[in-house]
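What follows is one structure encoded as structure tokens, with my remarks underneath.
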Amino acid sequence: MTRFVDVRNMVRWATTTGPETIIGGMIGYLRDDFRRWESFDKTARVANHTPLGVIELMPTSDHETYAFKYVNGHPSNPARGFQTVTAFGVLADVHNGYPTLLAEMTLLTALRTAATSAMVAAELARPDSTTMAMIGAGSQAEFQALGFRTALGIHRLRVWDTDPEAMEKFRRNLAPLGFEITIATSAADAVAGADIITTCTADKALATVLICDLVVPGVHINAIGGDCPGKTELEAAILERASVFVEYPPQTRVEGEIQQMAPDFPVTELWKVIVGTEPGRTSRDQITLFDSVGFAIEDFSALRYLRDSVARTEFFEEIDLVAAPENPKDLFGMIGALSPVGS
Ligand code: NAD
């Protein structure tokens, strides 16, 4: 049997456990998996592009457990009543290839993206950071804010979105949780005085939601919305001034902000910072930039955390996903006896 976490159980688990507890726990799992980065099978995700968006498959394995995520990215979806990003994912046993967990991952992706951003910022942002600017107040935004409070204690947010209703929703969701929120009048207004800038917009374009003149020394930029060929958020001049940190270079060079740069543009792989073989922030004035696109190992960590966390709860059900005849060679026997004679 395969364990199944549907939307109802994902919501029950997330609300019972609490998003900050989950993000904190996931950071631990992410750190463990980034530390053993070299032991994973890694491949850039497989992407099917259309004019409206992309559908991607993200596989990885540590030779004991295999994981994949199915995820879409359709920036025009909200205007048509759909979400920009939805996902589901699977864990399987490598020894026999049987799936062990099937899970909703729209919510889980938002939690894992927040946990990854927060883990990275804990390495790269100035430790005395108190204020984060957020450009983009859509589905990911609240999760990002909770991640940064969990890992860095950030409680002051300055938010800007071209959609006033999205900013109001952001305030409505987060103000009761104790955040101090300023609704900005522009991207420039949002980033004024911020120690960290998160860009989480969605537009299928080489957009410039953050220009170089707005980036001051010492800031950490957490850029999560530029994650597809032809879809970026930052003015290229920012990349020239910043130290750029990435997940998996073969994927990020195609999908991330650095698609705007030469193929040999220097970047640091994050796992090396986590392991300690490469430095993170080296000076107070350094501009650090996480060029996030989302990598399969992060989904592996999130699914592994979910599997372990729900194991002691009732937030899953067992489903009969794999046809399993008593005699493993007699698959036809499962239907043969039932087939009408002569039909
Ligand atoms: P969403 O559509 O729910 O929200 C995006 C928001 O950006 C909207 O409110 C929109 O009004 C706003 N926006 C668009 N252009 C803007 C601009 N120029 N200035 C200010 N605001 C602007 O999308 P979401 O689910 O929150 O995802 C945000 C982005 O993050 C998407 O591009 C998505 O692909 C990406 N993403 C990345 C990762 C990762 O691991 N790096 C994971 C999940 C999502």
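Quantities reported herein were computed from a predicted structural model and do not represent experimental measurements. All ligand and atom numbering here is 1-based and tracks the order in the structure.
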Does a donor on one side chain sit under 3.5 Å from an acceptor on the other, for S39 and D62? no
Are any of the N/O atoms in D203 less than 3.5 Å from those in ligand 1? no
Hey, are N222 and S117 close enough side-chain-wise for a donor-acceptor pair under 3.5 Å? yes
Test side-chain contact (heavy atoms from CB on, under 4.5 Å) on E247 and K42; report intermediate values, then the result. CA-CA 11 Å; E247 293 143 316; K42 293 177 286 294; over 6 Å; no
At under 4.0 Å between heavy atoms, which part of E298 makes contact with ligand 1: side chain, backbone, both or neither? neither
Take every heavy atom of A207, measure it against each atom of ligand 1, and state whether any distance is under 4.0 Å. no
What about the rings of F295 and W37, do their centers lie closer together than 6.0 Å? yes
Location of contacts on R112 toward ligand 1, heavy atoms closer than 4.0 Å: side chain
Counting only heavy atoms closer than 4.0 Å, does ligand 1 sit against the backbone of P78, its side chain, both, or neither? side chain
Give a yes/no on ligand 1: does Q83 have at least one heavy atom closer than 4.0 angstrom to it? no
In the protein, which heavy atom is nearest to atom 35 (C) of ligand 1, and how far is it? D227 OD2, 3.3 Å
Any salt bridge between D227 and K231, counting N to O under 4.0 Å? yes
Touching ligand 1 at all, C200? Heavy atoms, strictly under 4.0 Å? yes
For ligand 1, does T162 get within less than 4.0 Å through its side chain, its backbone, both, or neither, judged by non-hydrogen atoms? both
CD/E20 to CG/L111 distance, rounded to the nearest 0.5 angstrom? 11.0 Å
Of the backbone atoms (N, CA, C, O) and the side-chain heavy atoms from C-beta on, which set of A166 has a member under 4.0 Å from an atom of ligand 1: side chain, backbone, both, or neither? side chain
